[in-house]
Structures are given as C-alpha cells and as structure tokens.
Amino acid sequence: MIKNISVIGSGTMGNGIAHTFAQFGYKVSLIDVNEIALEKAIQTITKNLDRQIAKGSISENQKADALNNITNFTNVKEGVKNADLVVEAATENVDLKLSIFREIDSSAPADAILASNTSSISITKIASVTNRGDKVVGMHFMNPVPVMKLVEVIRGYQTSDETTKTIMQLAASLEKVPVEVNDYPGFVANRILMPMINEAIYTLYENVAGVYEIDTVMKLGMSHPMGPLQLADFIGLDVCLAILKVMQDGFGNPKYAPCPLLVNMVMAGKKGVKSGEGFYKYTAGSKELVVSEKFA
C-alpha cells in the first residue's frame, strides 16, 4: 500500500505534485538540491492552498494538514529511503533524468515504484538504467497539477501490469482521471499538442496572421480555452522545443522539426511566462494579455 511519496524537483510541476499528494493525505518528501527553491515551493503551495480556501474547495484545517504532510530534503538518499513511490519531476533533460533514476534506484526501497513526470522522454530508456524495469512507469501530470484532472500513465516496455494498476488506482485516489498509454515519443498529449503549437508558430513565422489573430481563431473557432501561442508561453518555449526535438529524434520524421522562430526565441531567452516574455509580455500582478512588441 502506498503511503509515503517522494517528489524530486520543487519547480512548477514538482510543487504541484507534492501539493496534490499532501492534500489527499499522503506523506510527502519534497526533494531539491536547492534549499531556496524548496522554500519558494512551500510558499507557492501555501498560496495555492489559500486560493482553494477562497474558492471554498478546502478548509483552513485541510490546508494545515496538507502543509504538515510535506517534509523538505536536499539529499536524495535521505529523501527516498522510506518511499513507497518516487515521482521524478526534474527538468526535461534526458541525461539529468537518467542520472536521477540511477541514484534513486540505488537508494529507494527495493519494492518502491519509480515514476517520471516526463512529458516526452522514453520510460523504457529511463527504466534501462535501473534494476527494477517492471516498477518504472510514467506519471505525466498536467499543469497546474492541483486543478487539471488528467494523468497520463505511461507503460514502458518492461512495466508490469501490477505497477500500472497500482498507479492507475493511486491517480484515481487523487480525484484525477488516469489514462493508460504506451511508451512512444510524446505519448498521446504532446504527440498531438506539440505539432499544433509548432504549426501555430509557423503560421506566425510565415506572416499568415499575428499572435492575437492566431490565438483568437483557435479559441473562438475550435473552442480552445487558450490559444496555442499563449499555451506555449504557459508551458515554456524551452520545454516545447525540447519535446519537439525528442519527437523528431524518436520518429526520425521532419514533420516534428521545431520552427526556426521557436529555436531563435529560446536562444534569445524569451521562454514565455517564466522569463516574462514570449509571444506575449507578462507583467507581475497584471492579467492583461499583451502581445510582445516583437510581434505587435
């Protein structure tokens, strides 16, 4: 039975995953080598719990319980030693993830399940650096984790039926909707989403229409709550680029090649919301959607 969860990485996805497990009564070890990042993560979780209180979805007591369920660690070995499940939520970099999985495989209990929140990197490849391929699985949460219902549960080549079933049931216990998918580049969500975002960037790059116009067509014409360029900013343009490269390499198909405009924007440090500018300009405290001067 899964009770103790270790989450590696305290960024946007990591703190959201920790928040969600803690809210539903699981004991969470939140692990990050950067102590300041951990402090910032707890501040973010506290703010998001306050938002839930304001909406009436949780009480003050539930907030206190959730925060009490989280313990911070800067040492991976210490943070995973009692884990029933380890969820890795580090940067979308294959070498980093392989290094983390080697470490947690040697440090976590032998019967612990090891999951990755990767949005595109092969679970089979990640499992290959461990000695428990049957217990390695993908657990791809959507952002923002406390709000979004979907969890893609990705079966690697060696992932057992028992591991898959356990993670499907665990996701359901978080009031999520788990969907089982097989291990191919981009899985389902990003295999469909990223080519759409890339095509929207090409549409801008080729001067078919502007940023606002492209997003408006998709919002009003296709009932998307957010246009593809705004969504790309929200995900992070560097993350979009990394996923497209994984898919291009994985399939060997030029249709996944990232638009040159996307490549240039990432090189220029224009990564979307996280950097304050992408296709739109973001100002702290303002919810107004302002197209970047570059595209105005």
Side-chain angles (χ1 to χ4, degrees), residues 1-31 41 45 48-49 52 57-58 62 65-66 69-70 80 82-90 92 97 100-101 104 108-109 111-124 126-127 130 132-184 186-193 235 243:
M1 186 174 173
I2 292 181
K3 291 180 180 176
N4 299 317
I5 315 288
S6 294
V7 178
I8 298 182
S10 65
T12 302
M13 296 306 293
N15 73 57
I17 293 166
H19 169 158
T20 303
F21 274 112
Q23 184 186 330
F24 283 87
Y26 294 92
K27 295 295 182 185
V28 178
S29 299
L30 183 57
I31 306 163
I45 292 167
N48 289 336
L49 287 165
Q52 289 175 292
S57 55
I58 65 168
Q62 287 172 308
D65 289 344
N69 282 335
I70 303 172
V80 303
N82 297 316
D84 301 311
L85 167 69
V86 182
V87 182
E88 169 274 316
E92 196 73 349
K97 288 189 188 292
I100 288 169
F101 270 81
I104 59 178
D111 58 349
I113 295 173
L114 310 184
S116 177
N117 181 57
T118 181
S119 54
S120 62
I121 294 167
S122 167
I123 298 302
T124 302
I126 289 171
T130 75
R132 59 178 98 190
D134 61 318
K135 293 184 182 297
V136 178
V137 67
M139 202 174 186
H140 180 208
F141 291 86
M142 305 293 133
N143 185 27
V145 180
V147 176
M148 299 291 276
K149 290 292 186 186
L150 176 65
V151 179
E152 272 189 307
V153 178
I154 303 108
R155 291 189 69 138
Y157 192 81
Q158 299 179 74
T159 309
S160 69
D161 290 343
E162 184 184 357
T163 296
T164 305
K165 183 181 176 184
T166 299
I167 295 301
M168 294 284 283
Q169 290 173 341
L170 181 68
S173 79
L174 303 173
E175 296 182 4
K176 302 298 186 190
V177 178
V179 176
E180 183 182 332
V181 304
N182 287 318
D183 183 26
Y184 293 98
F187 316 132
V188 172
N190 283 318
R191 183 170 181 167
I192 295 168
L193 174 63
I235 293 168
I243 294 168

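Since this is a predicted model, take the numbers as computed values, not measurements.
Nearest heavy-atom pair across Ile154 and Val137 is O-CG2, 3.2 Å. Across all non-hydrogen atoms, the minimal contact from Asn69 to Ala22 is ND2-O, 3.0 Å. Between Asp183 and Ser122, the shortest heavy-atom distance links the atoms OD2-OG, 3.1 Å. Ser173 and Tyr26 get closest at one heavy-atom pair: OG-OH, 2.7 Å. For the residue pair Ile45 and Ala18, the shortest heavy atom distance occurs at CD1-CB, 4.4 Å. Closest non-hydrogen pair, Leu114 versus Ala108, comes out as CD2-CB, 4.4 Å.
Residues Asn190 and Ser120 have side chains that never bring a donor and an acceptor to within less than 3.5 angstrom of each other. Using modelled atom types and a 3.5 Å distance limit, the side chains of Thr118 and Glu92 yield a donor-acceptor pair. Side chains of Gln52 and Gln62: a donor-acceptor N/O pair is absent below 3.5 angstrom, by distance only.
Between Arg132 and Asp111 there is no salt bridge, since none of the side-chain N atoms of the basic residue sits less than 4.0 Å from a carboxylate O of the acidic one.
With Asn117 contributing its side chain and Phe141 its backbone, the two residues share a donor-acceptor pair below 3.5 Å. Proximity of a side-chain donor or acceptor of Lys135 to a complementary backbone N or O of Thr163 within less than 3.5 Å is not detected. Judged purely by atom type and a 3.5 angstrom limit, Thr159 uses its side chain to pair as donor or acceptor with the backbone of Val136. Panel note: side chain Lys176, backbone Leu170; no donor-acceptor pair is recorded below 3.5 Å.
The shortest distance between side-chain heavy atoms of Met139 and Ile17 does not fall below 4.5 Å. Side-chain contact between Asn82 and Lys27: absent, with no pair of heavy atoms (C-beta onward) separated by less than 4.5 Å. No side-chain heavy atom of Val177 sits less than 4.5 Å from a side-chain heavy atom of Leu150. Considering only heavy atoms from C-beta on, Ile123 comes within 4.5 Å of Ser116 through its side chain. Using a 4.5 Å heavy-atom cutoff, the side chains of Ile167 and Pro178 are not in contact.
How far CD1 of Ile70 is from CG of Asn15: 8.5 Å, rounded to the nearest 0.5 Å. With rounding to the nearest 0.5 Å, the separation of CG in Leu174 from CZ in Phe21 is 5.0 Å. Here CG of Leu85 is found 15.0 Å from NZ of Lys3. Values are rounded to the nearest 0.5 Å. Interatomic distance, OG1 of Thr166 versus CG of Asp84, reported as 11.0 Å (0.5 Å rounding). Expressed to the nearest 0.5 Å, how far CD1 of Ile104 lies from CD1 of Ile8 amounts to 4.5 Å. Going from atom CD1 of Ile2 over to atom CD1 of Ile113 covers 4.5 Å, rounded to the nearest 0.5 Å.
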Using the rule given for side chain to side chain contact (heavy atoms under 4.5 Å, CB included), can you reason through Glu175 versus Lys149, listing the C-alpha separation, both sets of side-chain angles and the distance that settles it, and then say yes or no?
CA-CA 7 Å; Glu175 296 182 4; Lys149 290 292 186 186; 4.1 Å; yes
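With Val181 as reference, Glu152 is the one residue of Arg155, Arg191, Glu152 to meet the side-chain contact (heavy atoms from CB on, under 4.5 Å) rule.
Within a 6.0 Å radius of OH in Tyr184, other residues, nucleotides and ligands contribute 12 heavy atoms or fewer.
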